[in-house]
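Notes follow the structure.
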Amino acid sequence: MSMIALPSRHEPRRLRRRANLRALLREHHLHPGDFVLPLFLIDGEGQRREIASMPGVHQHSIDQAVAFCGEAVRLGIPGVLLFGVVANTCKDAHGSASWAADGLVQRGIAAIRAAHPQLLVIADACFCEYTEHGHCGVLDAQGDRDDSATLENLQRQAISYAEAGVDIIAPSGMVDGMVMAIREALDAARHEKVAILSYAIKYASAFYGPFRDAADSAPQFGDRKGYQMDPANRREAFRELALDISEGADMVMVKPALPYLDLIRDVRERCDLPVAAYNVSGEYSMLKAAARNGWLDERASVLEALLGIKRAGADFIITYHALDAARWLDDRWQRPTAPPGRNADQ
């Protein structure tokens, strides 16, 4: 009686035993070209102030920001996202400092473009850093946001950024109709080449806390739950996405990233536009704090988190880890993975 040959056992671990085999079969890869670096601009010269709740992140005067951008270029990071942090004396009820021709971000755009023409310059378009009340636009008599008045100011802001030489405008205020308003204003002002990266899906998240320290943008009363999305909602995100695409968004964003990886995947599967994910301040700070306490390996945990965001479907990641991650990726294969004499694959 002849023996029937049985198939070999399936052992996925065969493909994991050697580092070079794992590298060959790796499905997703991180690269410095995946990152956009956020920058906080302040007035003055020679200023570089560390943000207490975001160790390693600083506010920069424009001259310092230009030098800082040089390091980003050297590491292969393709773009920066600019935020302006102005003195309280420059704030008013409408956030008018945000569209001044000689405003902080406008001067920053021009200086960075002149020094680093190869770098993409993205400008966040919102008002919370510029209003005395800290909300993302004009308020009505009841203290609610007046979206019509806010859209008019958003158009002024967008045109001022375009005139300064910005490549991409990123409206972040979750104002209904913001993409259409900006597109119409830019086209009417002959700035058709300026792209729009919409914060299409932005949740009212607890992970924004450190950013509000960095940008001095905490609301003076109330909260932003009336215009940012409820963290419990998923289907609502698809309506927001569809509206921004129909209004002419060139790219869309999910913010935050790590608590919303399911949304990044959903967006990736539902649209063909480039998808950004914002690895926000609280996500950055919690990993930094854990690493400083010796609870996590910073390098390994940061790269794993960023890889998870990319694996979920993000085409690029806005992250405060950008410079460190780019340095780590540059030499990760050159570091020994085990002491001499040990098998690194065991």
Side-chain angles (χ1 to χ4, degrees), residues 30-44 47-51 54 56-86 98 103-126 129 157-158 160-172 193-199 210-211 214-215 217 250-251 253 255 257 274-281 283-284 302 306 309-310 314-327 329-330:
L30 281 175
H31 184 272
D34 295 325
F35 307 138
V36 167
L37 175 66
L39 279 178
F40 298 101
L41 299 179
I42 55 175
D43 270 314
Q47 299 295 309
R48 184 172 177 269
R49 304 173 188 162
E50 187 171 34
I51 299 158
M54 299 178 70
V57 178
H58 298 77
Q59 298 168 332
H60 297 267
S61 57
I62 291 172
D63 59 319
Q64 293 294 303
V66 168
F68 195 57
C69 287
E71 177 67 0
V73 170
R74 187 188 70 79
L75 289 168
I77 294 169
V80 292
L81 173 61
L82 303 183
F83 298 91
V85 185
V86 300
S98 70
L104 181 57
V105 171
Q106 288 79 356
R107 287 182 281 121
I109 292 167
I112 293 169
R113 282 298 301 260
H116 307 290
Q118 68 274 59
L119 194 66
L120 284 171
V121 181
I122 309 169
D124 177 85
C126 194
E129 306 103 304
Q157 189 181 51
S160 73
Y161 289 163
E163 290 175 346
V166 81
D167 295 296
I168 301 167
I169 292 173
S172 63
K193 294 181 180 179
V194 175
I196 298 174
L197 165 59
S198 177
Y199 288 68
F211 174 91
S217 63
D250 299 290
M251 298 174 277
M253 185 195 300
K255 179 183 179 182
V275 176
Y278 201 143
N279 179 219
V280 301
S281 59
E283 298 170 55
Y284 170 89
V302 167
L306 295 175
I309 296 168
K310 188 170 183 184
D315 293 295
F316 62 96
I317 304 166
I318 301 165
T319 178
Y320 303 96
H321 295 293
L323 290 180
D324 283 339
R327 294 185 188 106
L329 291 167
D330 187 51

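All values reported here derive from a predicted model rather than from experimental measurement.
With values rounded to the nearest 0.5 angstrom, Ile122 atom CD1 is found 13.0 Å from Ile196 atom CD1. The distance from the CG atom of Leu306 to the NE2 atom of His321 is 6.0 Å, given to the nearest 0.5 Å. Residue Lys255 holds its NZ atom at 10.0 Å from CD of Glu283, rounded to the nearest 0.5 Å. Summarising the geometry, atom CD1 belonging to Ile109 is positioned 9.0 Å from atom CG belonging to Asp167; distances are rounded to the nearest 0.5 Å. Note that the CZ atom of Arg113 and the SG atom of Cys69 stand 12.0 Å from one another [nearest 0.5 Å]. For the atom pair CZ of Phe211 and CD of Glu129, the computed distance is 5.0 Å after rounding to the nearest 0.5 Å.
Of the possible donor and acceptor atoms, one in the side chain of Asp315 sits under 3.5 Å from a partner among the backbone N and O of Val275. Of the possible polar contacts, none joining the Gln59 side chain to the Arg48 backbone as a donor-acceptor pair under 3.5 Å is found.
When all heavy atoms of Ser172 and Asp124 are compared, the closest pair comes out as OG-OD1, 2.9 Å. Here the shortest heavy-atom pairing between Leu82 and Leu41 reads CD1-CD1, 4.2 Å. The two residues Tyr199 and Ala170 make their nearest non-hydrogen contact at CE1-O, 3.4 Å. Among all heavy-atom pairs drawn from His58 and His60, the shortest one is O-CD2, 3.4 Å. Annotation for Ala277 and Ile309: closest pair CB-CG2, 3.6 Å, computed over non-hydrogen atoms. When all heavy atoms of Gly84 and Leu104 are compared, the pair lying nearest together is CA-CD2, 4.0 Å.
The pair Asp43-Arg107 meets the salt-bridge criterion, with a side-chain N (NZ, NE, NH1 or NH2) lying under 4.0 Å from an Asp/Glu carboxylate O. Look at Asp330 and Arg327 and you find no salt bridge, because none of the NZ, NE, NH1 or NH2 atoms lies under 4.0 Å from a carboxylate O.
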Chi angles and distances behind the side-chain contact (heavy atoms from CB on, under 4.5 Å) call for Met253, Ile318: CA-CA 10 Å; Met253 185 195 300; Ile318 301 165; 3.4 Å; yes
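Residues Phe68 and Val80 have side chains not in contact (no heavy-atom distance under 4.5 Å, counting atoms from C-beta outward).
Checked against side chain to side chain contact (heavy atoms under 4.5 Å, CB included), Ser98 has the following partners two or more places apart in sequence or in another chain: Phe127, Tyr130, Gln157.
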Distance-only check: which donor-acceptor pairs under 3.5 Å involve side-chain atoms of residues 30-39, not counting sequence neighbours?
residue: His31; atom: ND1; partner: Gly33; partner atom: N; Å: 2.8
residue: Asp34; atom: OD1; partner: Lys310; partner atom: NZ; Å: 3.2
residue: Asp34; atom: OD2; partner: His31; partner atom: N; Å: 2.8
residue: Asp34; atom: OD2; partner: Lys310; partner atom: NZ; Å: 2.9

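Ring geometry for Phe40 versus Tyr320: interplanar angle under 30°, hence parallel rather than tilted (30 to 60°).
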